[in-house]
Amino acid sequence: MEIEIISVSESPGKYIIYKPRTGLAFIGNHAMAAIAQRLAESPDGQVDVSPDIDDFLQSIGFYLPDPPEPPRPEDSFLPTTAVLLMTNQCQLRCTYCYAAAGEAPPEKLTPELGYAAIDAVCKNAMDTGRTAFEVSFHGGGEPTFNWHVLKACAEYAREKPLLARLTLTSNGIWSPRQCDWIVNNLDGLSLSLDGSPETQDNQRPLLLGGRSSELVMRTVAELDRREFAYSIRMTATAPWERLPQDMRFLCENTGCRNFQVEPAFNTERGGHGDSDTDAGMAFVRAYLEAHDIATQHGRNLMYSGARLGQVTTTFCTAPYNALIVNGGGAIVTCYEVASPAHPLSSISTIGSINDRAIAINTDARSHLHNLMAERRDACRDCFCYWSCAGDCYARVFADEPDGHQIRGVRCQMNRTLTEQLLLRRMAEGNGVWQKSASASVPLNGMEMEISS
Ligand code: SF4
Ligand code: SF4
């Protein structure tokens, strides 16, 4: 039985007794924590426990064995999801854009690249007995900027002999005709929208400096009117105190049920800035407040580093199971590596498509996976091991020797948020959190997706 004993930061002498693989947590004092630890370590569970404690532990399912460990990702590469990185151009100039979309010479995915990726994932899905395959239209820039190719790829996928699930990640700056086509032809949407008009217009201005909020809110109104399923992806920046107000605005002005927020600490476009502890903890406080507001409105808010209840061996499935193609024809392991200019491009490029033929460099793929596995192995003593699983490599790997082993402020954020979310769940459950009794929170797209 695997158990974590977490000292409660603001209450000395109190401990969260946490079984991450079962999804169980409760509060105890030092003596209770010691008993739980002994029970977890005892091979036959033979520990002298008073009848009332034994009854309590029985009643919450403490003695239930952990489920089997989830399998590690397989070495074979038979992806059934194609991620098409449609363009590096965009109508917005978001202050934090990791891809610095619109600044490099234009590059667009061609129909031939899209068709080749679709052929491959459809074939893999059929060969492995799946009932569907997936095509996801994604950044570096705004996918709908490459509109005719997006439509051609969608139509091509629909003509395949297997069901195609088509999804889009977009900034929502669409014409009415584009909106109509998207609602009629796609199956899911992750809409990037940062909150109130003030925040949206500050962080996501139009290319020529105009306001984007009215255009996106017009899209939201149409999606809601037509009851189209979408999630909202927010990016939070300093001042962090705005995040709860932005969450409230979105709860009150959209019909969206599922939100994801990620912080951006960079003050310049074209990368992910490092956070200092003060900024990281300010995000944590703002996130918790926003999380409570979302809960009061019956909505789900999540942040990728603190996925309570998740039990996984990999933070994100994209580096293992997706066929991600950028406009230059490179096959990459992450949605963010839209061009060779990305600092992690050299470890993230695992093949190419030429003349509709797909070539995978298995050594390059194994090299990245080994780095990710080494990082996760070193996380074994962290109570977020099963939910964070070493975190998003695109966020935490530094471009330097042993840069894959750096534990920065993001670890502190993930751990603090996981602890605080456990406290909230236990408070809601009269002192006990049982995953089996909680509603599951759907994630976007891949097992975990961070998008622009
Ligand atoms: S979660 Fe991280 S690794 Fe996965 S696609 Fe997103 S940015 Fe890339
Ligand atoms: S040590 Fe950091 S990266 Fe590893 S599981 Fe914990 S929070 Fe995640």
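Whatever order the structure lists ligands and atoms in, that order sets their numbers, starting from 1.
- The protein non-hydrogen atom at the shortest distance from atom 2 (Fe) of ligand 2 is Cys411 SG, 2.3 Å.
- Using a cut-off of 4.0 Å between Lys/Arg side-chain N and Asp/Glu carboxylate O, Lys123 and Asp127 are scored as salt-bridged.
- For Arg376, no heavy-atom contact with ligand 2 is shorter than 4.0 Å.
- One of the N, O or S atoms belonging to Cys379 lies under 2.8 Å away from atom 4 (Fe) of ligand 2.
- Cation-pi contact between Arg356 and Tyr115: absent, since separation from the ring centre below 6.0 Å together with deviation from the ring axis within 45° is not met.
- Ligand 2 has at least one atom lying under 4.0 Å from a heavy atom of Arg375.
- Because the distance cut-off is set at 2.8 Å, Cys384 fails to qualify as a neighbour of atom 6 (Fe) of ligand 2, as none of its N, O or S atoms comes that close.
- Considering only non-hydrogen protein atoms, atom 8 (Fe) of ligand 2 sits nearest to Cys388 SG, 2.3 Å.
- Every atom of ligand 2 with a heavy atom of Cys382 under 4.0 Å away is listed here by number and element: 1 (S), 5 (S), 6 (Fe), 7 (S).
- The pair Arg72-Asp377 meets the salt-bridge criterion, since a charged nitrogen lies less than 4.0 angstrom from a carboxylate oxygen.
- In this structure, Lys160 forms no cation-pi arrangement with Phe133, as its terminal cationic atom is not both closer than 6.0 Å to the ring centre and no more than 45° off the ring axis.
- A salt bridge does not link Asp201 with Arg93: every distance from a Lys NZ or Arg NE/NH1/NH2 to an Asp or Glu carboxylate oxygen is 4.0 Å or more.
- Compare Ala318, Cys334, Ser348 by their heavy atoms: the one nearest to atom 7 (S) of ligand 1 is in Cys334.
- Side chain to side chain, Arg233 and Ser170 fail the donor-acceptor criterion of an N or O pair below 3.5 Å.
- Under 2.8 Å from atom 2 (Fe) of ligand 1 lies no N/O/S atom of Cys316, from backbone or side chain alike.
- Not less than 6.0 angstrom separates the ring centroid of Phe137 from the ring centroid of Trp147.
- Taking the centre of each ring, Phe283 and Tyr303 come in below the 6.0 Å mark.
- Which parts of ligand 2 touch Gly390 is read off a 4.0 Å heavy-atom cut-off, strictly below it: atoms 3 (S), 5 (S).
- Scanning the protein heavy atoms around atom 1 (S) of ligand 2, the nearest turns out to be Arg407 NE, 3.6 Å.
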